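Shown next, in structure tokens, is the structure this report addresses.
No experiment lies behind these values; they were computed from the predicted model shown.
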Amino acid sequence: MSGDPGATGPTKNRTGTVLAAGCVLWRRAPDGDGDGVEVCLVHRPRYDDWSFPKGKLKRGEDPLAAAVREVLEETGHHCAPGDRLPTSRYPVDGRPKEVAYWAAEATGGSFTANDEVDRILWLAPDAARVRLTQPRDVRQLTALLDTLAAP
């Protein structure tokens, strides 16, 4: 990749950490009493896992803009980002990765399967907690629920 600031390669910070961003996408449960919510999980066939929509930042991209872009690319849904959620840090192929997360309410759209994501599920929080492949993702789910419950 060139040093062109318009290049679209993934961003790394000074320590070589791969930078990514995503959202815990949520909506009001359509059949609930108004208090219930559902969260969106994406299935990535490459990894055969269930997680939240997320992806690497493009060179020079703002993390929140990347998170919103990834939600649209992976789920087909537009969203209204809200509170910042805990950052997830973990190694991938021997390199550190850091994923910044936000709560984001779905505002419309529809899913179409693509190369990265072949399925999505809208689940109640308890069902999502069980379905998430990586236990570390439960931290973001818990933080979302705390944020939504706050007055």
Shortest non-hydrogen contact from Asp137 toward Ser51: OD2-CB, 3.8 Å
Close side-chain approach of Trp26 to Pro125, heavy-atom, < 4.5 Å: no
In one Ile/Leu/Val/Met/Phe/Trp/Tyr side-chain cluster, 4.5 Å: Val71, Ile120: yes
Leu123-Val42 co-clustered via ILVMFWY side chain contacts under 4.5 Å: no
Nearest-0.5 Å distance that lies between atom CD in Gln140 and atom OG1 in Thr87: 8.0 Å
Point-to-point distance, once rounded to the nearest 0.5 Å, from CG of Leu25 to CD of Glu105: 9.0 Å
Thr17 vs Leu19 side-chain heavy atoms within contact, under 4.5 Å: yes
Pair Glu61 + Arg69: basic N to acidic O under 4.0 Å: yes
Heavy-atom pair with the smallest gap, counting every atom of Ala66 and Ala21: CB-CB, 4.2 Å
ILVMFWY cluster, Leu145 and Leu85 together (side-chain gap under 4.5 Å): yes
Student check: side-chain heavy atoms of Leu41 and Leu132 closer than 4.5 Å: yes
Single-linkage hydrophobic cluster, 4.5 Å side-chain cutoff, Val99 and Leu72 together: no
Euclidean distance, Asp48 CG relative to Thr133 OG1, rounded to 0.5 Å: 7.5 Å
Side-chain donor-acceptor contact under 3.5 Å, Thr107 with Arg27: no
Student check: side-chain heavy atoms of Asp115 and Arg46 closer than 4.5 Å: no
Taking every non-hydrogen atom, the tightest pair across Ala67 and Trp102: CB-CE3, 3.8 Å
Heavy-atom side-chain contact between Tyr90 and Gln134 under 4.5 Å: no
Stepwise side chain to side chain contact (heavy atoms under 4.5 Å, CB included) test for Trp50 and Leu121: CA-CA 9 Å; Trp50 288 96; Leu121 288 176; 3.6 Å; yes
Considering all heavy atoms, the nearest Pro53-Glu70 contact: CB-O, 4.3 Å
Rounded distance [0.5 Å steps], NE2 in His43 versus CG in Asp118: 5.5 Å
Trp122 and His77 aromatic ring geometry - parallel, tilted or perpendicular at 30°/60° bounds: perpendicular
Side chain to side chain contact (heavy atoms under 4.5 Å, CB included) between Arg129 and Thr142, intermediate numbers included: CA-CA 9 Å; Arg129 188 179 320 275; Thr142 300; 3.2 Å; yes
Nearest-0.5 Å distance that lies between atom CD in Glu74 and atom CZ in Phe111: 9.5 Å
Distance in Å, Cys23 SG paired with Tyr101 OH, rounded so as to fall on 0.5 Å steps: 9.5 Å
Carboxylate-amine/guanidinium contact Arg89 Glu98, below 4.0 Å: yes
Val39-Val138 co-clustered via ILVMFWY side chain contacts under 4.5 Å: yes
Sub-4.5 Å side-chain heavy-atom contact between Phe52 and Leu141: yes
